[in-house]
Amino acid sequence: QVQLVESGGGLVQQGGSLRLSCVVSGYTLTVADMGWYRHAPGKQRELVASISDDGDTHYASSVWGRFTISRDNSRRQIDLQMDDLRPEDTAFYLCNAQLQTAPLTPLHVTWGRGTQVSVSS
């Protein structure tokens, strides 16, 4: 069974840094776009950053210049380096990936279990 295994997260003071990692575990034929979403209480889930299999990146305007997403295709892993964290970054962060797990089947979206990021003021 294919899973997304996340690590990182935790509690940090405003202005601090955290690094999130997400690894694809299990057999896949193709790993296409991957990314991080976040869900804060009372707010809709939002895309934080995404990266394609050839390295094209996209960021939410609220994290531009503070967060960096990177990818290692050989390890099927993405990382999200989060710097200059703010209290409004507090949320539950989830990894997302578009995967193909069998021949002649379309890509499907898989989600990780998520990890909590909390930023104190």
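Below, each value reflects all heavy atoms present in this structure, side chains not excepted, and no hydrogens, waters or symmetry copies. Small disclaimer: the values here were computed from a predicted structure and weren't measured.
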*Asks:* I need the Gln13 CD to Leu11 CG distance, nearest 0.5 Å.
*Replies:* 8.0 Å
*Asks:* Is it the case that one hydrophobic cluster holds both Val48 and Val12, taking links as side-chain heavy atoms less than 4.5 Å apart, direct or via other members?
*Replies:* yes
*Asks:* Looking only at atom types and distance, does a side-chain atom of Glu6 sit under 3.5 Å from a main-chain N or O of Leu20, one as donor and one as acceptor?
*Replies:* no
*Asks:* Check whether any side-chain N or O of Asn96 sits under 3.5 Å from a backbone N or O of Val109 as a donor-acceptor pair, and report yes or no.
*Replies:*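 A pair under 3.5 Å: no.
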*Asks:* Can you get from Ile51 to Met82 by hopping between Ile, Leu, Val, Met, Phe, Trp and Tyr side chains that sit under 4.5 Å apart?
*Replies:* yes
*Asks:* So, does Thr115 use its side chain to make a donor-acceptor pair with the main chain of Gly8 at under 3.5 Å?
*Replies:* yes
*Asks:* His108 vs Thr101, test: side chain to side chain contact (heavy atoms under 4.5 Å, CB included). Steps then yes/no.
*Replies:* CA-CA 9 Å; His108 62 88; Thr101 55; 3.5 Å; yes
*Asks:* Strictly distance-based, threshold 3.5 Å: is any side-chain N or O of Thr90 a donor or acceptor partner for the main-chain N or O of Val119?
*Replies:* yes
*Asks:* Kindly check if the number of other-residue, nucleotide or ligand heavy atoms within 6.0 Å of CZ (Arg19) is above 12?
*Replies:*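 Enclosed.
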*Asks:* Within the side chain of Arg76, is there an N or O that forms a donor-acceptor pair under 3.5 Å with the backbone of Val31?
*Replies:* no
*Asks:* List the steps, then state whether side chain to side chain contact (heavy atoms under 4.5 Å, CB included) holds for His58 with Asp56.
*Replies:* CA-CA 7 Å; His58 172 81; Asp56 289 337; over 6 Å; no
*Asks:* Which distance, rounded to the nearest 0.5 Å, do you find between the OG of Ser50 and the CD of Gln98?
*Replies:*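 The OG atom of Ser50 sits 9.0 Å away from the CD atom of Gln98.
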*Asks:* Under 3.5 Å, is there a donor-acceptor pair between the side chain of Tyr59 and the main chain of Ile69?
*Replies:* yes
*Asks:* Applying side chain to side chain contact (heavy atoms under 4.5 Å, CB included) between Trp36 and each of Ile78, Leu47, Leu94, Asp79, report the one that passes.
*Replies:* Ile78
*Asks:* So how far is it from Thr30 OG1 to Leu99 CG, rounded to the nearest 0.5 Å?
*Replies:*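 It is 9.0 Å, given to the nearest 0.5 Å.
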*Asks:* List the steps, then state whether side chain to side chain contact (heavy atoms under 4.5 Å, CB included) holds for Leu4 with Val24.
*Replies:* CA-CA 5 Å; Leu4 302 183; Val24 179; 3.7 Å; yes
*Asks:* A side-chain contact here means heavy atoms from C-beta on lying under 4.5 Å apart; do Phe67 and Leu85 qualify?
*Replies:*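 Yes. Closest side-chain heavy atoms under 4.5 Å.
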*Asks:* Check for a donor-acceptor pair, side chain of Gln116 on one end and backbone N or O of Ala91 on the other, with a separation under 3.5 Å.
*Replies:*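 Between the backbone of Ala91 and the side chain of Gln116 there is a qualifying donor-acceptor contact (under 3.5 Å).
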*Asks:* I want to check something: taking the side chain as every heavy atom from C-beta on, are Arg71 and Asp53 in contact at a cut-off of under 4.5 Å?
*Replies:* yes
*Asks:* How many angstroms lie between OG in Ser121 and CD in Glu88, if you round to the nearest 0.5 Å?
*Replies:*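 The distance works out to 10.0 Å.
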*Asks:* Can you find a heavy atom in the side chain of Cys95 that is under 4.5 Å from one in the side chain of Trp111?
*Replies:* no
*Asks:* Under the side chain to side chain contact (heavy atoms under 4.5 Å, CB included) rule, what do Arg38 and Asp89 come out as? Steps first, then yes or no, please.
*Replies:* CA-CA 9 Å; Arg38 67 186 180 187; Asp89 295 317; 3.0 Å; yes
*Asks:* Given the rule in the side chain to side chain donor-acceptor pair (under 3.5 Å) test, do Gln81 and Asp83 qualify, once you have shown the distances and angles that lead to the verdict?
*Replies:* CA-CA 6 Å; Gln81 178 65 37; Asp83 298 318; 2.9 Å; yes
*Asks:* Can you tell me how far apart OG (Ser17) and CZ (Arg66) are? Round to the nearest 0.5 Å.
*Replies:*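 So the OG of Ser17 and the CZ of Arg66 are separated by 10.5 Å.
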*Asks:* Locate the shortest heavy-atom distance separating Gly26 from Val2; write the atom from each residue and the value.
*Replies:* C-CG2, 4.3 Å
*Asks:* Within a 6.0 Å radius of atom CZ on Arg45, are there more than 12 heavy atoms belonging to other residues, nucleotides or ligands?
*Replies:*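 Yes, enclosed.
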*Asks:* Sub-3.5 Å donor-acceptor pair from the side chain of Gln100 to the main-chain atoms of Thr105, do we have one?
*Replies:* yes
